[in-house]
J.: 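Have a look at the structure that comes next, please.
Positions are given from 1 along the sequence. All heavy atoms count here, side chains included; hydrogens, waters and symmetry mates do not.
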Amino acid sequence: MEKKYRMLVINPGSTSTKVSVFENKENIFTESIFHDAPELLKYESVNDQIDMRKDVILSLLSRHGICMNDIDVFVGRGGSAYSQASGVMEIDELLFSDTKEGKGGSEHPAKLGVMIAYEFATEYKKRAFTVDPTNVDELDDVARITGIKGLYRKAQSHVLNQKGIARLHSEKIGKKYEESSYIVSHIDGGITVNAHKNGRMIDGNVGAGGDGPFSPTRTGSIPLLELMPYLETHSPAELDVICSRAGGFVSHFGTSSAKKVHDMMENGDKMAKLVWDAMVYQVSKMIGAMAAVLSGNVDAILLTGGLVRYTDLVDAIRERTSFIAPVYAYPGEVEQEAMAYSVLDVLTGMRKAHKYTGKPVFEGFDF
């Protein structure tokens, strides 16, 4: 008889906490709680949100009549530690502490997945894992270089969902992900656009670091000299907050709710329409940049994430980018399934988990 593993899958995002319970591949329940930006901005740092997010999780489990003692394995989305290889990694004390301290230099809320999973696993004496965290580093070296010597671009993206969607699309068309070239854009509270070549994410924007398109919560790229007056009156900590949590729609409208901004646009608000259109325009621009990274050899453009539910957004991106490759829309995400199924493979011996090394994938060049 097949052994049953009950897994609690924890996925903190920039605007939500998503929770699932799986029994092997059966989804017992999945529920997502939305957090508007003003609520989250009450917390000085991402780490300060941990108790609130744990309370959300415990409340959801109670509502569904699930006892924590019945959970066999805790699985958390991750990030913020030193950069890692793609795949499954068991969460140990070193990974927990490096994540908490933000050793990788990122403050994406996904880090809370590792922290919460580890704390629950420690309390209930169970195992904890993370899968394809936001700081997976597969960049080509040429993508690391900036115009300042010794300052390198880091890998930071929606790796879990992007790879999940790329694999899903590959299966649908009967092609291997490891033999494909895709541009994948995750469009939600944060936005990342990446070039996927033969199973590796070789380039893309650092969404939570002031790079690429702005989004409901993030500033996106801003010319440095235009930013200088802001830096004269704001601390590095305040800059980090506006880059990752208080930019984009939050800065323009005081909310991270795409629905509110989209409703404003549909009700004739000219500012809302301009800002919405500018966000979509910038996503299209980044897709064009990733087409150049792949030398124009693009099998498909894959759009995923919560905002892909808006057909006008998909149509506008398709109008600007379909000359590059066919555009496919996958609204929502497959992160919960990707985490659960990957960890199940480890538990059943079909694949091995990595061990966190405490060292970044990239440590500089030898010249």
J.: Any heavy-atom pair between the side chains of Ile71 and Ile66 that's under 4.5 Å?
T.: yes

J.: Could you walk me through whether Leu41 and Val250 pass the side chain to side chain contact (heavy atoms under 4.5 Å, CB included) test, one step at a time?
T.: CA-CA 10 Å; Leu41 288 172; Val250 182; 4.1 Å; yes

J.: Between Leu294 and Ile202, is the side chain to side chain contact (heavy atoms under 4.5 Å, CB included) condition met? List the steps.
T.: CA-CA 9 Å; Leu294 295 170; Ile202 62 173; 4.1 Å; yes

J.: For the pair Lys111 and Asn47, evaluate side chain to side chain contact (heavy atoms under 4.5 Å, CB included) and give the outcome as yes or no after the intermediate values.
T.: CA-CA 8 Å; Lys111 68 183 292 190; Asn47 286 357; 2.9 Å; yes

J.: On the ring face of Phe96, is Lys100 found with NZ or CZ under 6.0 Å from the centre and within 45° of the axis?
T.: no

J.: For residues 176-185, which residue pairs pass the salt bridge (Lys or Arg N to Asp or Glu O under 4.0 Å) check, not counting sequence neighbours?
T.: none

J.: What residues form a side-chain contact (heavy atoms from CB on, under 4.5 Å) with Glu93, not counting sequence neighbours?
T.: Tyr118

J.: Any donor-acceptor pair under 3.5 Å linking the side chain of Asp72 with the backbone of Lys126?
T.: no

J.: Is any side-chain heavy atom of Met279 closer than 4.5 Å to one of His252?
T.: no

J.: Decide yes or no for Met290 and Val298: does some side-chain heavy atom of the first lie under 4.5 Å from some side-chain heavy atom of the second?
T.: no

J.: Donor-acceptor pair, distance only, cut-off 3.5 Å: does the side chain of Glu238 make one with the backbone of Ser235?
T.: yes

J.: Check the angle between the aromatic planes of Phe365 and Phe362 and answer parallel, tilted or perpendicular using the 30° and 60° thresholds.
T.: perpendicular

J.: Heavy-atom distance under 4.5 Å between the side chains of Asn24 and Lys4, does that happen here?
T.: yes

J.: Is Arg144 salt-bridged to Asp137, going by a charged N under 4.0 Å from an acidic O?
T.: yes

J.: More than 12 foreign heavy atoms under 6.0 Å from CD of Glu319: is that the case here?
T.: no

J.: Salt bridge between Arg153 and Asp211, side-chain N to carboxylate O under 4.0 Å?
T.: yes

J.: Quick one: do Val136 and Met201 satisfy side chain to side chain contact (heavy atoms under 4.5 Å, CB included)? Show the steps, please.
T.: CA-CA 9 Å; Val136 164; Met201 298 172 67; 5.7 Å; no

J.: When you look at Asp36 and Ser256, which way does the side-chain hydrogen bond (donor to acceptor under 3.5 Å, both in side chains) test go after all the steps?
T.: CA-CA 6 Å; Asp36 203 353; Ser256 58; 3.0 Å; yes

J.: With a 4.5 Å cut-off on side-chain heavy atoms, are Ile91 and Thr99 touching?
T.: no

J.: Does a side-chain heavy-atom distance below 4.5 Å link Tyr182 with Gln162?
T.: no

J.: Would you call Asp263 and Lys259 a salt bridge, using N to O less than 4.0 angstrom?
T.: yes

J.: Take Asn297 and Ser181 through the side-chain hydrogen bond (donor to acceptor under 3.5 Å, both in side chains) test and state the conclusion after the steps.
T.: CA-CA 7 Å; Asn297 299 316; Ser181 292; over 6 Å; no

J.: Describe, in one word, how the ring planes of His158 and His108 are oriented to each other, choosing from parallel (under 30°), tilted (30 to 60°) and perpendicular (over 60°).
T.: perpendicular

J.: Show every ring-ring contact (aromatic ring centres under 6.0 Å, His included) that has at least one partner inside residues 23-46, sequence neighbours left out.
T.: Phe29-His64

J.: Determine whether Met115 and Arg53 make a side-chain contact, defined as any pair of heavy atoms from C-beta on separated by less than 4.5 Å.
T.: no

J.: Can you list everything that forms a side-chain hydrogen bond (donor to acceptor under 3.5 Å, both in side chains) with Tyr330? Sequence neighbours excluded, please.
T.: His169

J.: Honestly curious: do Leu94 and Val88 fall in one hydrophobic cluster under the side-chain, below-4.5 Å linking rule?
T.: no

J.: Just one of Ile183, Ile187, Leu303, Val184 clears the side chain to side chain contact (heavy atoms under 4.5 Å, CB included) bar with Val193, so which one?
T.: Ile183

J.: Classify the ring geometry of Tyr341 against Phe22: parallel below 30°, tilted from 30° to 60°, perpendicular beyond 60°.
T.: perpendicular

J.: Salt bridge or not between Lys54 and Glu123? Use side-chain N to carboxylate O under 4.0 Å.
T.: no

J.: Are Ser45 and Asp48 close enough that a side-chain donor and a side-chain acceptor fall under 3.5 Å?
T.: yes

J.: Can you list the steps and then say if Asp132 with Ser86 is a side-chain hydrogen bond (donor to acceptor under 3.5 Å, both in side chains)?
T.: CA-CA 5 Å; Asp132 282 340; Ser86 176; 2.6 Å; yes

J.: Within a reach of under 6.0 Å around CG of Leu225, are more than 12 heavy atoms found that belong to other residues, nucleotides or ligands?
T.: no

J.: Counting only heavy atoms not in Leu224, do more than 12 sit closer than 6.0 Å to its CG atom?
T.: no

J.: Do Tyr82 and Thr357 have side-chain atoms, one donor and one acceptor, less than 3.5 Å apart?
T.: no

J.: Just so I know, are the side chains of Arg320 and Tyr281 near enough to count as touching, which here means a heavy-atom distance under 4.5 Å?
T.: yes

J.: Considering residues, nucleotides and ligands other than Lys18, do more than 12 of their heavy atoms fall under 6.0 Å from its NZ?
T.: yes

J.: Residues sharing Val206's hydrophobic cluster, by side-chain heavy-atom contacts under 4.5 Å among ILVMFWY, directly or via others?
T.: none

J.: According to the ring-ring contact (aromatic ring centres under 6.0 Å, His included) rule, which pairs have a member within residues 197-230, sequence neighbours left out?
T.: Tyr230-His234

